[in-house]
There are 2 protein chains.
Amino acid sequence: MVELSRRRAIEDVASELFSAHGYAATSVRDIARVLDIQGPSLYAHVTSKEDVLWAIVDRAATRFETAAEAAVASGAHAGQDPAAALAALVRAHVRVITDDVGAAAVFVHEWRALAGERRAGVLGRRDAYERRFRDLIEAGIATGDFEMTDSSLAATAVLSALNGIPGWYRADGRLPANRVADHFVDLVMRMLLGASR
Amino acid sequence: MVELSRRRAIEDVASELFSAHGYAATSVRDIARVLDIQGPSLYAHVTSKEDVLWAIVDRAATRFETAAEAAVASGAHAGQDPAAALAALVRAHVRVITDDVGAAAVFVHEWRALAGERRAGVLGRRDAYERRFRDLIEAGIATGDFEMTDSSLAATAVLSALNGIPGWYRADGRLPANRVADHFVDLVMRMLLGASR
DNA sequence: CCTACCGATCGGTAGG
DNA sequence: CCTACCGATCGGTAGG
């Protein structure tokens with residue numbers, strides 16, 4: 001966590017605290033204390049506590065979207081192999097989480113604390129993101145690669161399982177990030193692939 | 001949500017509010033307002049805000065444990081058919097969630113707000129509960145019913161997927177609780193069963 | 001980035 | 001179950 005800018009350092013500290021204790025249970029002074037400054041001094045860099053949350057959530061959402069776009073568009077399977085595309089999407093999702101567990105946890109759990117348009121915007125982007133999973137599952141069923149299933153429930157189940165990762169993954173834990181991704185790709189493929197495998 | 005006792009009504013209202021906004025973001029006065037009483041009047045029935053949270057979490061944990069015990073111990077598959085036992089365990093877990101979505105969500109997400117022994121106790125019970133899933137997965141691998149996999153990661157993935165249910169399930173939604181359970185049993189079995197299926 | 005300070009709200013108590 | 005009230009803490013501002 002190198003300090004590129006003071007603003008960014010604030011967001012990184014806030015990510016850790018928000019993910020560990022929740023947005024509402026974290027005070028502005030808690031964040032300041034970690035940075036060894038006084039509470040009010042934070043406001044030289046940010047305009048409100050909610051702005052910090054928004055910055056974290058917006059950046060995390062963008063990272064998920066960018067990674068998904070790259071994963072699905074890349075390679076020989078562009079638009080023609082749903083199973084390979086879904087595997088790449090799962091792998092990209094795991095990587096975004098393991099690259100910044102705190103931010104991912106905040107994105108997944110703390111969007112409720114946002115108000116009005118920001119909250120609605122995040123929900124919309126989350127729906128669009130989930131639709132990528134659902135569409136690939138449906139495409140795989142259509143080609144006969146995947147067994148018949150409720151695509152909406154399956155997509156939600158897969159994303160819930162993936163989004164549980166911040167709850168147990170540790171960078172210095174038993175499984176390195178790449179192995180975690182391998183396992184999830186395996187589990188998802190087993191869950192969906194038909195007798196063709 | 002019938003009012004059996006005032007104390008229970010308080011816990012039911014608190015479950016709704018805690019699950020919707022989080023423990024820290026819910027004030028004692030918020031709970032009182034829904035019950036049409038004054039904030040301090042709550043303390044005629046409870047000793048602290050955290051006691052209310054604890055009551056909700058403890059009861060939910062007990063419901064999960066009791067349902068799991070009954071599911072695994074019952075029927076002809078007692079201790080001899082890991083796949084059938086795991087299916088029953090998944091079904092029981094879904095039922096506990098759909099029977100009281102608010103309490104389940106609080107159990108899954110708000111235990112962080114507990115302090116000291118209570119927090120440690122819940123974590124211990126959660127671990128023991130997860131071990132039921134892991135042990136059955138390992139037993140199924142040992143008998144050859146399930147394909148080889150990382151049992152710990154698989155158990156966590158399954159539970160994360162199930163615990164995502166409060167995030168989208170609605171009692172008056174597209175899928176009734178029984179169908180949700182059917183689908184999750186199917187997905188979990190597909191994920192784990194080997195070529196023997 | 002600091003000190004001094006603001007109004008609002010928090011969980012909870014006293015005393016009926 | 002109520003009114004009146006408590007000390008603590010909250011997010012944030014003023015003015016340097």
Side-chain angles (χ1 to χ4, degrees), chain A residues 1-58 106 109-119, chain B residues 1-58 106 109-119:
Chain A
M1 204 163 74
V2 181
E3 260 187 52
L4 296 176
S5 71
R6 202 57 169 160
R7 165 74 195 215
R8 178 54 187 268
I10 290 169
E11 290 173 18
D12 286 344
V13 168
S15 282
E16 295 296 321
L17 297 179
F18 291 168
S19 69
H21 311 294
Y23 174 79
T26 303
S27 75
V28 167
R29 286 159 179 84
D30 290 334
I31 300 169
R33 192 178 305 117
V34 176
L35 295 163
D36 268 314
I37 60 177
Q38 298 299 314
S41 301
L42 267 185
Y43 289 89
H45 304 99
V46 306
T47 62
S48 74
K49 184 188 174 189
E50 197 195 311
D51 269 340
V52 177
L53 173 61
W54 169 247
I56 295 166
V57 168
D58 183 46
V106 171
H109 291 117
E110 303 300 329
W111 58 266
R112 304 160 178 271
L114 293 169
E117 292 181 27
R118 286 173 166 178
R119 185 194 179 106
Chain B
M1 204 163 75
V2 182
E3 258 186 53
L4 294 177
S5 71
R6 203 59 170 157
R7 164 74 194 214
R8 179 55 188 268
I10 291 169
E11 290 171 19
D12 285 344
V13 168
S15 282
E16 296 296 321
L17 297 179
F18 291 169
S19 69
H21 311 293
Y23 174 78
T26 302
S27 74
V28 167
R29 286 160 179 83
D30 289 335
I31 300 169
R33 190 177 306 117
V34 176
L35 295 163
D36 269 316
I37 60 176
Q38 297 300 312
S41 302
L42 268 184
Y43 289 89
H45 305 98
V46 307
T47 62
S48 74
K49 185 188 173 188
E50 197 195 311
D51 270 339
V52 177
L53 173 61
W54 169 246
I56 296 166
V57 168
D58 183 45
V106 171
H109 292 117
E110 303 301 329
W111 57 267
R112 304 158 179 272
L114 293 169
E117 291 181 27
R118 287 173 165 178
R119 184 195 180 106

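Note that these values count all heavy atoms, side chains included, but never hydrogens, waters or copies made by symmetry. Proteins get letters first, then strands, A, B, ... in listed order; numbering begins at 1 in each.
Proximity of B:Ile31 to B:Phe18: side-chain heavy atoms (C-beta onward) are separated by under 4.5 Å at one or more points.
Residues passing the side chain to side chain contact (heavy atoms under 4.5 Å, CB included) test with B:Asp58 are B:Trp54, B:Thr62, B:Arg125, sequence neighbours excluded.
Applying side chain to side chain contact (heavy atoms under 4.5 Å, CB included) to B:Ile10 and the options B:Leu35, B:Val34, B:Val28 leaves one that passes, B:Leu35.
For the atom pair CG of A:Leu42 and CZ of A:Arg6, the computed distance is 8.5 Å after rounding to the nearest 0.5 Å. Summarising the geometry, atom CD1 belonging to A:Ile37 is positioned 12.0 Å from atom CZ belonging to A:Arg29; distances are rounded to the nearest 0.5 Å.
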### Query
Would A:His109 and A:Tyr23 count as a side-chain contact (heavy atoms from CB on, under 4.5 Å) if you check the C-alpha gap in whole Å, the side-chain angles of each, and the deciding distance to 0.1 Å?
CA-CA 9 Å; A:His109 291 117; A:Tyr23 174 79; over 6 Å; no

### Query
Taking it one step at a time, do B:Ser15 and B:Asp12 satisfy side chain to side chain donor-acceptor pair (under 3.5 Å)?
CA-CA 5 Å; B:Ser15 282; B:Asp12 285 344; 5.2 Å; no

### Message
Walk along nucleotides 9-16 of chain D from 5' to 3' and tag each nucleotide B, S or - by protein heavy-atom contact under 4.0 Å, base first, then sugar-phosphate.
### Response
-SBBB---

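Which of D:dC2, C:dC1, C:dC2 sits closest to the side chain of A:His45 comes down to C:dC1.
With hydrogens and angles disregarded, a donor-acceptor distance shorter than 3.5 Å links the side chain of A:Arg119 to the backbone of A:Arg112.
The interatomic distance linking A:Ile37 (CD1) with C:dC1 (P) rounds to 5 Å, in whole Å. Remark: P of D:dC1 and CG of B:Leu35 are 9 Å apart, rounded to the nearest angstrom.
DNA chain C contains the following stems of three or more consecutive Watson-Crick or G-U pairs, with both distances under 3.5 Å: C:1-16 with D:1-16.
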